[in-house]
Amino acid sequence: MLRAEGGATIDEIVEATGWQAHTVRGAMSGALKKKLGLTITSEKVDGRGRVYAISD
């Protein structure tokens, strides 16, 4: 979801995975950023809220 065009919001990821919001944020921070070294970007999108994506 984070690699898809337009990224994903926390709520979208929660709905898709069934995880709680704090778990999603922790996975992005811990597993994706620290362990795998990926760059996660976030931006505020009108009508959608904060959108997260993996930048290349």
Spacing of [X] atom [atom1] and [Y] atom [atom2] [to the nearest 0.5 Å]:
| X | Y | atom1 | atom2 | result |
| --- | --- | --- | --- | --- |
| Met1 | Thr9 | CE | OG1 | 7.0 Å |
| Tyr52 | Arg25 | OH | CZ | 7.0 Å |
| Ile54 | Thr41 | CD1 | OG1 | 9.0 Å |
| Leu38 | Ser55 | CG | OG | 8.5 Å |
| Ile40 | Leu2 | CD1 | CG | 5.5 Å |
| Thr23 | Met28 | OG1 | CE | 11.0 Å |

- Note on the structure: Note: Glu12 and Gly7 closest approach over all heavy atoms is OE1-O, 4.3 Å
- Note on the structure: Of all heavy-atom pairs linking Val51 and Gly6, the shortest is CG1-O, 2.9 Å
- Can Glu43 and Arg48 be counted as an ion pair, charged N to O under 4.0 angstrom? no
